[in-house]
Amino acid sequence: MRDPKLFHRLAAEFIGTFWLVLGGCGSAVFAATVETDDGFPVGIGFAGVALAFGLTVLTGVYAFGTISGGHFNPAVTLGAALARRVEWKVLPSYWIVQVLGGLLGGLVIYVVARGRAGWTAAGNMAANGYGANSPAGYTLWAVLVAEIVLTFMFLLVILGSTDDRAPKGFAGLAIGLTLTLIHLISIPISNTSVNPARSTAVAFFNGDGAPAQLWLFWLAPLVGAAIAGLAYPYLFGYREELADRPVRDDALDVRGGRDGR
């Protein structure tokens with residue numbers, strides 16, 4: 001079977017990121033705080049939103065991981081490139097389609113949400129933020145640290161679960177559950193980004209200060225991912241550094257003294 005062409009890989013990243021935003025942010029917008037007519041809460045709450053984000057990545061990785069690697073996140077692509085799991089030459093293309101796919105997901109959420117009488121987008125599009133825009137009022141520095149550390153751990157799990165030495169067939173489950181846990185920790189802190197495309201997808205629809213704070217939700221995830229991508233081979237060895245998947249760069253050679261011996 002031939003490896004997918006770049007077009008196929010970009011299509012997978014576009015659709016996967018669209019699905020992540022629609023499923024994750026959509027659950028926050030549509031289902032988090034629903035009440036019955038007599039005021040009884042039937043929404044899914046923070047835990048439900050966290051699970052929704054995890055499920056979108058879990059299903060996306062199993063559906064598209066063999067095509068594109070299942071990144072759906074510019075930070076993941078950067079970390080994978082630094083860990084030599086994906087070719088550097090595809091990074092700009094991956095980033096572009098991830099952002100565009102996310103924006104399409106945000107647009108669909110916006111269009112559907114406007115169908116509810118009295119709904120306004122300002123402050124109601126599950127945007128990320130700090131200070132007054134943090135769900136629990138966390139400061140810029142608290143959000144910065146949380147996003148860097150959580151993205152770092154997310155990338156370590158991704159790189160570890162997709163390593164050739166890892167058990168086969170469980171990467172999607174590990175990645176999805178990790179993203180769920182990350183959201184359980186940090187929704188009150190920042191509404192949880194760890195993904196610049198997810199943050200960009202809803203910031204401009206949300207307004208209310210979110211676009212001006214978007215820089216942090218690019219900077220922090222990219223820093224956390226870069227640290228993980230650089231650290232992983234040194235922490236856990238070079239053996240079978242490149243996974244046998246379509247995103248493998250055949251120009252990279254793990255032999256010649258870099259086989260872990």
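Throughout, numbering of the chain's residues begins at 1 and tracks the sequence.
- Residues passing the side-chain contact (heavy atoms from CB on, under 4.5 Å) test with P211, sequence neighbours excluded: F204.
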Trace of the side chain to side chain contact (heavy atoms under 4.5 Å, CB included) decision for L78 with W88: CA-CA 8 Å; L78 176 63; W88 278 102; 4.0 Å; yes

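- Applying the side chain to side chain donor-acceptor pair (under 3.5 Å) test to residues at least two apart or on different chains, the pairs with a partner in residues 173-189 are S186-T192.
- Within the structure, side chain to side chain donor-acceptor pair (under 3.5 Å) pairs that include any residue of residues 38-60 comprise W19-T59, T36-D38 (at least two apart or interchain).
- Applying the ring-ring contact (aromatic ring centres under 6.0 Å, His included) rule to pairs touching residues 113-158 yields nothing, sequence neighbours excluded.
- Checked against side-chain hydrogen bond (donor to acceptor under 3.5 Å, both in side chains), T17 has no partners two or more places apart in sequence or in another chain.
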Would you check, one step at a time, whether the test side chain to side chain contact (heavy atoms under 4.5 Å, CB included) holds for F217 with V143? CA-CA 9 Å; F217 300 102; V143 170; 3.7 Å; yes

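- Expressed to the nearest 0.5 Å, how far SG of C25 lies from CZ of R198 amounts to 3.5 Å.
- Partners of L10 according to the side-chain contact (heavy atoms from CB on, under 4.5 Å) rule, which considers only residues two or more places apart in sequence or in another chain, are L6, S93, Y94, V97.
- Nearest heavy atoms, S161 versus A174: CB-CB, 4.0 Å.
- Remark: N206 CG to L214 CG distance equals 11.0 Å, nearest 0.5 Å.
- The side-chain hydrogen bond (donor to acceptor under 3.5 Å, both in side chains) check on E13 picks up S68, Q98, with sequence neighbours excluded.
- By the rule that hydrophobic residues join a cluster once side-chain heavy atoms approach within less than 4.5 Å of another member, M125 and V112 end up as members of one cluster.
- To the nearest 0.5 Å, atom CZ of residue F170 and atom CD1 of residue I175 are 13.5 Å apart.
- By the rule that hydrophobic residues join a cluster once side-chain heavy atoms approach within less than 4.5 Å of another member, L104 and L100 end up as members of one cluster.
- The CD1 atom of I189 lies 7.5 Å from the OG atom of S134; values are rounded to the nearest 0.5 Å.
- Residues G106 and V21 approach most closely at N-CG1, 3.7 Å, considering heavy atoms.
- L230 contributes atom CG, which lies 8.5 Å from atom CD1 of I227 (distance to the nearest 0.5 angstrom).
- Following chains of ILVMFWY side-chain contacts shorter than 4.5 Å, one cannot reach L55 starting from L22, and the two form parts of different hydrophobic clusters.
- Under the 3.5 Å distance criterion, the side-chain polar atoms of N133 are left unmatched by any main-chain donor or acceptor of N128.
- Under the 4.5 Å side-chain heavy-atom criterion for Ile, Leu, Val, Met, Phe, Trp and Tyr, I96 and F64 are members of the same hydrophobic cluster.
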Please lay out, stage by stage, how L91 and V86 fare under the test side chain to side chain contact (heavy atoms under 4.5 Å, CB included). CA-CA 8 Å; L91 185 142; V86 66; over 6 Å; no

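- For the atom pair L222 CG and I148 CD1, the distance stands at 10.5 Å (nearest 0.5 Å).
- The nearest pair of heavy atoms linking P41 to E35 is CA-CG, 4.1 Å.
- Between the N124 side chain and the A122 main chain, a donor and an acceptor come within less than 3.5 Å of each other.
- Within the structure, no pair that satisfies the side chain to side chain donor-acceptor pair (under 3.5 Å) test touches residues 40-52, not counting sequence neighbours.
- In plain terms, the two heavy atoms of G102 and A201 that are nearest each other are O-CB, 3.0 Å.
- You'll find the side chain of P221 stays beyond 4.5 Å of the side chain of N195, heavy atoms only.
- Identified under the side chain to side chain donor-acceptor pair (under 3.5 Å) test for residues 144-155, with sequence neighbours left out: E147-S190.
- Remark: F205 engages Y110 in a ring-ring contact (aromatic ring centres under 6.0 Å, His included) (not counting sequence neighbours).
- Listed for the N73 side chain is a donor-acceptor partner under 3.5 Å among the backbone atoms of V194.
- For the residue pair A32 and A28, the shortest heavy atom distance occurs at CB-O, 3.3 Å.
- Following chains of ILVMFWY side-chain contacts shorter than 4.5 Å, one cannot reach L155 starting from V157, and the two form parts of different hydrophobic clusters.
- In terms of heavy-atom proximity, A126 sits nearest to N191 at C-ND2, 3.9 Å.
- In this structure, R85 pairs ionically with D163, as a charged nitrogen and a carboxylate oxygen lie closer than 4.0 Å.
- With sequence neighbours excluded, the residues satisfying ring-ring contact (aromatic ring centres under 6.0 Å, His included) with W218 are W95.
- Applying the ring-ring contact (aromatic ring centres under 6.0 Å, His included) rule to Y232 yields the partners F236; only residues at least two apart in sequence or on another chain are considered.
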